[in-house]
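Note that the coordinates shown come from a computational prediction; the quantities given were computed from them, not determined experimentally. In this chain, residues are counted from 1 in sequence order.
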Amino acid sequence: MNATAGLSKQPSGASDMAHIVLTFDNNRLASALYGQFDENLARLEQKLGVTISSRGNQLTVRGEASAAEQARRALDHLYGILQKGANIAQSDVDGAVRMAVAADDQLTLPTLERKGKMAAAQIATRKRTIYARSLNQDAYMRALERSELVFGIGPAGTGKTYIAVAHAAMLLERGLVERIILSRPAVEAGERLGFLPGDMKEKVDPYLRPLYDALYDMMPADKVERAIAAEVIEIAPLAFMRGRTLAHAAVILDEAQNTTPMQMKMFLTRLGEGGRMIVTGDPTQIDLPPNTKSGLVEALRILDGVPGMVTVRFNEKDVVRHPLVAEIVQAYDRDAAQAAGPRGG
């Protein structure tokens with residue numbers, strides 16, 4: 001195995017218990033894997049209900065057999081990330097756990113290789129490589145690879161916009177597209193740009209900031225700035241898309257729940273030859289005026305079953321921000337369900 005050496009698994013007496021011994025061939029990477037004061041190992045213990053003891057570059061994982069195997073998969077995956085020169089954070093540990101558990105839940109999971117080695121989907125640019133941290137992120141990354149039109153639907157914090165921008169940056173670096181176009185409804189509740197100070201760029205930049213942030217994360221700042229100046233990367237409000245044919249471009253529409261049906265149809269029909277289109281949004285966070293239909297909700301209904309279009313739906317289990325974000329999403333979902341209950345009764 002690439003990530004481990006001298007791996008052995010031995011029964012501990014009870015049929016449903018096991019311990020797994022892992023030996024790592026690089027002491028420096030093993031130390032990074034364990035984390036400061038073994039915090040990464042403690043995180044795995046907490047998440048999977050196993051015990052992990054370390055002795056130099058060797059780990060022993062003890063616990064229920066399936067949980068111990070999940071911990072092995074997660075450790076193997078994290079060590080592989082370190083071998084490629086990247087760092088790991090607590091969010092990577094949590095993501096590795098989600099993927100390892102999913103490998104058991106989904107027997108046909110395409111990311112589960114022979115001998116239980118986990119191979120999460122990834123997006124690599126010259127500056128950074130990101131890995132899927134949940135089963136739905138894995139499905140999303142793979143859909144982006146094979147499909148010309150992908151909808152990423154779900155709550156905040158699931159990585160749907162960040163992954164879309166990362167994929168577009170990768171396509172541009174590889175020469176698979178000639179430009180990137182990133183768009184959002186400029187002002188969620190009405191696009192009243194005239195009331196904002198400054199020229200058009202200064203008016204819309206605050207609304208497009210999340211797209212800028214993701215770009216700068218995946219590409220060197222000087223390259224981003226040169227590409228924007230040369231219009232190889234264009235970041236513009238949705239209104240600027242009208243009348244254009246976007247050929248050989250990776251086009252992303254973010255916050256799509258705040259489009260009208262007419263705006264959404266206009267955007268989707270911009271797709272040109274050699275283009276890729278990614279639409280992201282959260283149908284539970286619509287900021288349109290009352291009695292205005294969401295273009296995203298309409299598009300998902302109308303386009304259901306259209307060949308070549310893939311929809312990936314995220315949920316609170318895919319939230320990769322602070323763990324409290326997932327709890328917040330669940331709390332709001334519960335409250336909405338309770339509020340809807342009496343009306344349905």
Shortest non-hydrogen contact from [X] toward [Y]:
X: M99; Y: D138; answer: CE-OD2, 3.7 Å
X: A68; Y: G63; answer: CB-O, 4.3 Å
X: M309; Y: T311; answer: SD-OG1, 3.4 Å
X: L44; Y: A74; answer: CD2-CB, 4.0 Å
X: V297; Y: P283; answer: CG2-CB, 4.1 Å
X: G152; Y: F314; answer: CA-CE1, 4.2 Å

* Scan side-chain atoms only and decide if S134 and D318 contain a donor-acceptor pair under the 3.5 Å cut-off. =>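 There is such a pair between these side chains.
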
Non-neighbouring partners of [X] that pass side chain to side chain contact (heavy atoms under 4.5 Å, CB included), sequence neighbours left out:
X: A214; answer: Y162, V165
X: L176; answer: L171, R174
X: A168; answer: I180, A250, I252
X: E39; answer: Q36

* **Non-neighbouring partners of E148 that pass side chain to side chain donor-acceptor pair (under 3.5 Å), sequence neighbours left out** => none

* Apply side chain to side chain donor-acceptor pair (under 3.5 Å) to E225 and list each qualifying residue two or more places apart in sequence or on a separate chain. => none

* Do you know which of L22, L41, T60 makes side chain to side chain contact (heavy atoms under 4.5 Å, CB included) with S54? ->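 Among the candidates, only L41 passes.
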
* To do: Could you tell me whether R72 and E69 have a side-chain N and a carboxylate O separated by less than 4.0 Å?
  => yes

* Presence of salt bridge, R43 and D94, under 4.0 angstrom -> yes

[X] side, atom [atom1]; [Y] side, atom [atom2] - distance, nearest 0.5 Å:
X: I123; Y: L144; atom1: CD1; atom2: CG; answer: 6.0 Å
X: Q285; Y: E255; atom1: CD; atom2: CD; answer: 8.5 Å
X: T129; Y: M218; atom1: OG1; atom2: CE; answer: 7.0 Å
X: I163; Y: I278; atom1: CD1; atom2: CD1; answer: 10.0 Å
X: D76; Y: I81; atom1: CG; atom2: CD1; answer: 10.5 Å
X: L253; Y: L211; atom1: CG; atom2: CG; answer: 9.5 Å

* Asked: Would I88 and F37 show up in the same hydrophobic cluster when neighbours are defined by side-chain heavy atoms closer than 4.5 Å?
  ->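 Each belongs to a different hydrophobic cluster.
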
* Asked: According to a 4.5 Å side-chain heavy-atom criterion applied to Ile, Leu, Val, Met, Phe, Trp and Tyr, with indirect links allowed, do L300 and I302 form part of one hydrophobic cluster?
  -> yes

With the side chain counted from C-beta on, respond yes when [X] and [Y] share a heavy-atom pair under 4.5 Å apart, and no when they do not.
X: S53; Y: R62; result: yes
X: H167; Y: M141; result: no
X: L215; Y: I235; result: yes
X: L82; Y: L33; result: yes
X: V61; Y: L75; result: yes
X: M266; Y: M241; result: yes
X: Y79; Y: N26; result: yes
X: N57; Y: T23; result: yes

* **Aromatic ring pairing F24/Y34, orientation class (parallel under 30°, perpendicular over 60°, tilted between)** => perpendicular

Heavy-atom donor-acceptor pair, [X] side chain to [Y] backbone, under 3.5 Å:
X: Q58; Y: R55; result: no
X: S294; Y: Q257; result: yes
X: K265; Y: A299; result: no
X: Q137; Y: R133; result: yes
X: R73; Y: A100; result: yes
X: K127; Y: Y216; result: yes

* Verdict with reasoning, Q70 to V97, per side-chain contact (heavy atoms from CB on, under 4.5 Å) -> CA-CA 7 Å; Q70 289 164 0; V97 169; over 6 Å; no

* To do: Could you give me the CA-CA distance, side-chain angles and deciding distance for K223 and E173, then say whether side-chain contact (heavy atoms from CB on, under 4.5 Å) is met?
  => CA-CA 11 Å; K223 290 191 176 181; E173 281 194 352; 5.6 Å; no

* Among pairs that include at least one residue of residues 226-239, which meet salt bridge (charged side-chain N to carboxylate O under 4.0 Å, His left out), considering only residues two or more places apart or in two chains? -> D222-R226, E234-R244

* To do: Please list all pairs passing the salt bridge (charged side-chain N to carboxylate O under 4.0 Å, His left out) test where one or both residues lie in residues 288-306, with sequence neighbours left out.
  =>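 The answer is E298-R301.
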
* To do: Carefully, step by step, assess N136 and T158 under the rule side-chain contact (heavy atoms from CB on, under 4.5 Å).
  => CA-CA 9 Å; N136 285 326; T158 52; over 6 Å; no

* Report the residues that fulfil salt bridge (charged side-chain N to carboxylate O under 4.0 Å, His left out) with R313, sequence neighbours left out, ordered by chain and then residue number. =>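 If we apply the salt bridge (charged side-chain N to carboxylate O under 4.0 Å, His left out) test to R313, skipping adjacent residues, there are no hits.
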
* With sequence neighbours excluded, what pairs up with D213 under the salt bridge (charged side-chain N to carboxylate O under 4.0 Å, His left out) test? -> none

* If you look only at pairs with a residue in residues 274-283, which of them pass as a side-chain hydrogen bond (donor to acceptor under 3.5 Å, both in side chains), with sequence neighbours excluded? -> T161-T280, D254-T280, D282-T284

* To do: Take T259 and F267 through the side-chain contact (heavy atoms from CB on, under 4.5 Å) test and state the conclusion after the steps.
  => CA-CA 10 Å; T259 62; F267 177 80; over 6 Å; no

* Y131: what forms a ring-ring contact (aromatic ring centres under 6.0 Å, His included) with it, not counting sequence neighbours? ->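 Applying ring-ring contact (aromatic ring centres under 6.0 Å, His included) to Y131 gives H77.
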
